[in-house]
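Data block below; observations after.
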Number of protein chains: 2
Amino acid sequence: MDKKSNDSSKPHMIEALSVDNVVLGIENGRLMVLTAKYNAGLAQGQWGLLGGWVSYDEPIDNAAKRILKMITGVDDMYLEQFRAFGDVQRYPAERVVTIAYYALVRPDLYKMMPGGTASHVEWRDVHKLPTLIYDHSSIVKAVLSHLKNKIRHEPIGFNLLPEKFTLLQLQEVYEAILDVKLDKPNFRRKILKMNLLIDCEEKQKGVMHRAASLYRFDMVVYQKLCEHGFNFEF
Amino acid sequence: MDKKSNDSSKPHMIEALSVDNVVLGIENGRLMVLTAKYNAGLAQGQWGLLGGWVSYDEPIDNAAKRILKMITGVDDMYLEQFRAFGDVQRYPAERVVTIAYYALVRPDLYKMMPGGTASHVEWRDVHKLPTLIYDHSSIVKAVLSHLKNKIRHEPIGFNLLPEKFTLLQLQEVYEAILDVKLDKPNFRRKILKMNLLIDCEEKQKGVMHRAASLYRFDMVVYQKLCEHGFNFEF
DNA sequence: GCAAAAGTGTTTCCACTACACCCATGG
DNA sequence: CCATGGGTGTAGTGGAAACACTTTTGC
């Protein structure tokens, strides 16, 4: 998060309110989080989440989206509010309440365009994070815990994969987030029985072993299941 | 939520940020929400949630607690943050982002002491709510939906009951929140098998039928289960 | 043939469902 | 003895866990 701008040519920002994004992706079966190095302000030279201020005339969800787009160049990622963090001491020198969001993305999909307040961005293994600025470390921790719960009940895992994926890739997403090993045969059966996957009738290419079938997520069936509530445990 | 105070004798409040509480309780097997009638400000004469402003020198959680205590006189209720609501138009005349909290309480436990900004408070059936001010109706709706999910995975239902309760009372909590009928024998078995209940070795009194056993919630077992993750579906 | 991952089969067990049924108490 | 809720029993079903096994492919 950058220090607050006092430049009056910029849009009017809400005082004492910010947004911070926990951007997550999977790389080589490991859950990674995007960190930014700030080139100005209180956090100059330090690493933190991708945050910024909320304009008086934009919804908070848009603020999160705008900040992400500014730094990553992408605006169609899965983005959801987590919750607000509002301890008095969380931000030095000034009272700032922040609203944390999390995004699930595919690290391979786009090139980062560090700009604005972040001079560099870097993917880091969530298990090997350095200390982040302010309370960002605890925000990440809370989001990860939330995600472990969420993935058991909603098929958010698909946002971390390409449109067409193999069952093993999907399993690796679950394993990365839940931090456990799963039984392959049982995982297959369970996920297939949900009817959330459509067989692409297509095989993997360029692998040095038997090619796996490719599947894609069936959004229509998903919407129906949502209304009835369903179980997603492994 | 009251109109912002400009009285400089009061503590300095954060601009554009408020807190709103969805206070829930069970009465006669029906899920009720506490509403307040405001006696001043933009919302004068109208019904809404129990809200207020956040002071510069208090954590947001404390703000929610303080406002609840001011209006209800109670400060030991189960209170948890839900999430922020930050549409530009949600509050008329001014940009205000609000952080919604929900509380689970026993309506019978205490007398309301309407004071401060709320001239009256009233319990209302969540299925028969009038239109509330601002976006409070949609906040209630979102909290109820959240609660339906949450009660399936965490034993929050106990917060709505007296310390000692019967299995049927507990079942009624689940039925009120989930808005379904449950099978009594199966509910008993499932809940007992979780080992979350301690038999008080005591019977109900003053009922005109066979007296039921009283149970209480086992916090210690609960803490252990939390760490391992467990299922609470019905 | 070997390695690596894809994919199938099978057995065991446990949990959930849907009931039928008996028990205790007050009126 | 009846109404009301408390509480137990049980047959059937389906899913989950564990693990052995077969298949396909590149090298």
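Numbered from 1 within each chain, the chains take letters A, B, ... in sequence-line order. As a basis for the values below, the full set of heavy atoms in this structure was taken, side chains included, without hydrogen atoms, waters or symmetry mates.
- If you take CG of B/Leu192 and P of C/dA15, they are 14 Å apart, rounded to a whole angstrom.
- For the pair B/Met208 and A/Met208, nearest-nucleotide mapping onto DNA chain C gives the more 5' position to A/Met208.
- C/dA6 atom C1' lies 16 Å from atom CZ of A/Phe165, rounded to whole Å.
- The residue B/Lys203 sits close only to the backbone: its heavy atoms come under 4.0 Å of sugar-phosphate atoms, none of a base.
- Among the atoms of the strands shown, none is found under 4.0 Å from any heavy atom of A/Leu167.
- Side-chain to base pairing of B/Arg189 with D/dG9: one donor and one acceptor N or O lie within less than 3.5 Å of each other.
- Cation-pi geometry between B/Arg189 and B/Phe187 is not satisfied (NZ or CZ under 6.0 Å from the ring centre, within 45° of the ring normal).
- Toward the 5′ end of DNA chain D lies the nearest nucleotide of B/Thr166, the other residue of the pair A/His209 and B/Thr166 mapping further downstream.
- Each of D/dG7, C/dT8, C/dA6 was ranked by its minimum atom distance to the side chain of B/Arg210; first place goes to D/dG7.
- Atom CG in B/Asp199 sits roughly 9 Å away from atom P in D/dG7 (whole-Å rounding).
- Salt bridge annotation for A/Asp75-A/Lys65: absent, with no cationic side-chain nitrogen under 4.0 angstrom from a carboxylate oxygen.
- On a pure distance criterion of 3.5 Å, no polar donor-acceptor pair joins the side chain of A/Asp183 and the base of D/dA16.
- Remark: the A/Lys190 side chain and the D/dA16 base include no donor-acceptor N/O pair separated by less than 3.5 Å.
- At least one donor-acceptor pair closer than 3.5 Å links the side chain of B/Asp218 to the backbone N or O of B/Val221.
- B/Ser213 has no side-chain polar atom (N or O) that falls below the 4.0 Å cut-off from OP1 or OP2 of D/dG6.
- Using modelled atom types, one side-chain atom of A/Thr35 and one backbone atom of A/Glu122 make a donor-acceptor pair closer than 3.5 Å.
- Nucleotide D/dG7 holds its P atom 14 Å from the CD1 atom of B/Ile191, rounded to whole Å.
- Whole-Å rounding puts the B/Lys184 NZ to C/dC16 P distance at 19 Å.
- Summarising the geometry, the separation between CG on B/Leu182 and C1' on C/dA18 is reported as 14 Å, rounded to the nearest angstrom.
- A cation-pi arrangement, defined by a distance under 6.0 Å to the six-membered ring centre and an angle within 45 degrees of its axis, is present between A/Arg124 and A/Trp47.
- B/Leu168 places its CG atom 21 Å from the P atom of C/dC23, with the value rounded to the nearest Å.
- Here the side chain of A/Asn186 is nearest to one of D/dC19, C/dC19, C/dA6, namely D/dC19.
- We find that CD of B/Gln171 is positioned 11 Å from C1' of D/dG5, with the value rounded to whole Å.
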